[in-house]
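In what follows, chains are A, B, ... by sequence order, proteins preceding strands, each numbered from 1. Treat the numbers as computed from the prediction; the structure is a model and nothing was measured.
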Number of protein chains: 2
Amino acid sequence: MKQTKDDRRVERTRKLLHEALPALILEKGYEAVTVQDILDRANLGRSTFYSHYRDKDDLLLKGFDYLRAMMEKQHRSVAGKARGKGAGFNLSLELFRHAQENHRLYKAMVGKRSGQMIIRQAHKYLSGLLKEHIAPLANTKKSAVPVDLTVDWLVSSFLSVLTWWLDRNMPCTAEKIDELFRQLTMPGIQAGLGFELQ
Amino acid sequence: MKQTKDDRRVERTRKLLHEALPALILEKGYEAVTVQDILDRANLGRSTFYSHYRDKDDLLLKGFDYLRAMMEKQHRSVAGKARGKGAGFNLSLELFRHAQENHRLYKAMVGKRSGQMIIRQAHKYLSGLLKEHIAPLANTKKSAVPVDLTVDWLVSSFLSVLTWWLDRNMPCTAEKIDELFRQLTMPGIQAGLGFELQ
DNA sequence: TTCAATACTGAACACTCTGTTCTATTTCAA
DNA sequence: TTGAAATAGAACAGAGTGTTCAGTATTGAA
C-alpha cells in the first residue's frame, strides 16, 4: 500500500504545524501562543489547521505522542542490542539521553514555559511506564509507603531533575545528571518499594 | 487608627471573591473559571472585581499570599512555644498540618485542578524557604549534587506528596504522610546536601 | 491532456471572554 | 443631611476561538 502524494502533502502540512509550536512555546510560553501565531509561523491557512487538529491542545498532545513513539522506537533498538539476561535497563538514563538529543522539543514540552496539560500527560505516561517496570518488583511486606505514592513521587522527582537540567541548557552529560538523579532518589525508592537494589 | 466601616466593607467584598474562587477551581479547574463565574458566585458586579484585582491571576496570587501569611503566623506561634535549643523544626510536618486544616484551599491551590501559575508560585516560595532554612547547612565538600538542584527536587517531592495526599482526601494523618515523605526523601537529602541528620 | 477528487486558502461570521468606561445607586462618616 | 467612597451593571472595544464556505491549487487516474 504505497503512500500517495496527497498523503505526503498532509504529512508535510502536519509537520509544519508541529515544528512551529515548540519554538513559539519557548518564546512566549504555551498559554500565550495563539492559533494565529502557529499559522503565521507555519505559513498555513486557518481552516487548514482546524481540518487537522481540534485545537491547540490537540496539536500539542499529538506532538507528545510523536515524541513518545520516537522514544519507544529508540528504546526497542537499544534494548535489542543489549539483550543479555543481566543487561538490566536504565529507564531514566535513556530518557535523559533522548531528551538531550531532542532538547528543544523536550524543553518546550516539560520546561518552565510549557503548559500544565502536557506536564500532566507526561506524568501520566511515565507513571504508566514505572508501574509496568518497577511496581511489580515492590515488596509490599517490607515497604511502608503505598506504591502509587512512590510512583507519583518518583515521576515528579524525575521531571524536576529533567526540567532543572533542560532549563539550564544541560550543564552536564546525560550520564552525570542521571547519576545525580539516582543519588537523590535511589535510597528513597528502596524505602518506598521495600527492596534492595543490585 | 481605627478601621472605618468602608474598610470593613472592602474587606468583606474581597473575602467574597476569595472564597468564591477555590470552589470553582475544584469544580471545573482553574483555567476554565471565568471572571463572570466568580462574580455570579460572589454576587458582585463586574466593575467591582476590576477595582480590586487586575485579573483572575491577581486574585489567585493574592489568595496565595493570604495563605502564606496565615501559615507563617501559625509557624511563629508554634515556634514560639517550642523555643528550646534542640527543639529543631519540622517544616514539612507544619505544612502538612496547615494543609489539613485548610484542605479545601490547599486542594484548590496545589491540587490536580489548579493552575500552573500557582504551582510555580508555591514552588518558588518553598524554594526560598528551603534555601533559607536548609541550604546553609549543606556541606558542599561532601555533597556531589548542586544545592539548587537538591532544593528544586525536594520542593517537587514535597508538592507531589502533598498533592497525592490532598487529592485522595487525606487518607492518613499529617504525621503519617510526613513520615512517608521523609522516608522517601531523607536519604536523598543527605546525599544532596552532604550531611548526616540527627 | 483532461477531469474529478482532495487539500489548502482566507475572508466572513457568530461566539465567548476580557478589561474599561460611564452613569446610577447604595452605604458610610461627619 | 450631605459629600465621599464603594458597588451595580450596562455598554463597549478588542482579542481569540472555531466554523463555514466559495474559490484556488495539487494530485491521481482516465
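- Separating the CZ atom of R12(A) from the C1' atom of dT27(D) is a distance of 13 Å, rounded to the nearest angstrom.
- One can place CZ of F49(B) at 13 Å from P of dT7(D), the figure rounded to the nearest angstrom.
- Considering only the side chain of V10(A), dA7(C) comes nearest among dT7(D), dA7(C), dG19(C).
- Each of dG9(D), dC21(D), dT18(C) was ranked by its minimum atom distance to the side chain of S47(B); first place goes to dG9(D).
- For R46(B), the side-chain atoms get nearest to dT20(C) when compared with the rest of dA8(D), dG18(D), dT20(C).
- Residue Y50(B) places none of its side-chain N or O atoms closer than 4.0 Å to OP1 or OP2 of dT20(C).
- Looking at the side chain of R9(B), the nearest of the listed nucleotides dA7(C), dT17(D), dA5(D) is dA5(D).
- N90(B) and S92(B) share a side-chain donor-acceptor pair at under 3.5 Å.
- A salt bridge is absent between D65(B) and K62(B): the closest approach of a Lys/Arg side-chain nitrogen to an acidic carboxylate oxygen does not fall below 4.0 angstrom.
- The aromatic rings of F64(A) and Y125(A) stand perpendicular to each other, their planes meeting at an angle above 60°, with 30° marking the opposite boundary.
- For K28(A), the NZ atom counts as densely surrounded, since its 6.0 Å shell holds more than 12 non-hydrogen atoms of other residues, nucleotides or ligands.
- Evaluation of atom-type donor-acceptor distances gives no pair under 3.5 Å for the side chain of T34(A) against the base of dG16(D).
- Per the geometry, CG belonging to L17(A) stands 15 Å off P belonging to dA7(C), to the nearest Å.
- Side-chain contact between L24(B) and Y30(B): absent, with no pair of heavy atoms (C-beta onward) separated by less than 4.5 Å.
- When rounded to the nearest whole Å, the span between CG of L39(B) and P of dG19(C) equals 12 Å.
- Put simply, T13(A) has a side-chain N or O that comes within less than 4.0 Å of OP1 or OP2 on dC8(C).
- Atom CD in E11(B) sits about 17 Å away from atom C1' in dT7(D), given to the nearest Å.
- A close approach under 4.0 Å does not occur between any side-chain nitrogen or oxygen of H52(B) and OP1 or OP2 of dA6(D).
- At a threshold of 4.0 angstrom between heavy atoms, the contacts of D37(A) with the nucleic acid are absent.
- Residue R8(B) contributes atom CZ, which lies 12 Å from atom C1' of dA29(C) at whole-angstrom precision.
- Rounded to whole angstrom, the span from the CD atom of E31(B) across to the P atom of dT16(C) amounts to 20 Å.
- Summarising the geometry, the separation between CD on Q36(B) and P on dG19(C) is reported as 13 Å, rounded to the nearest angstrom.
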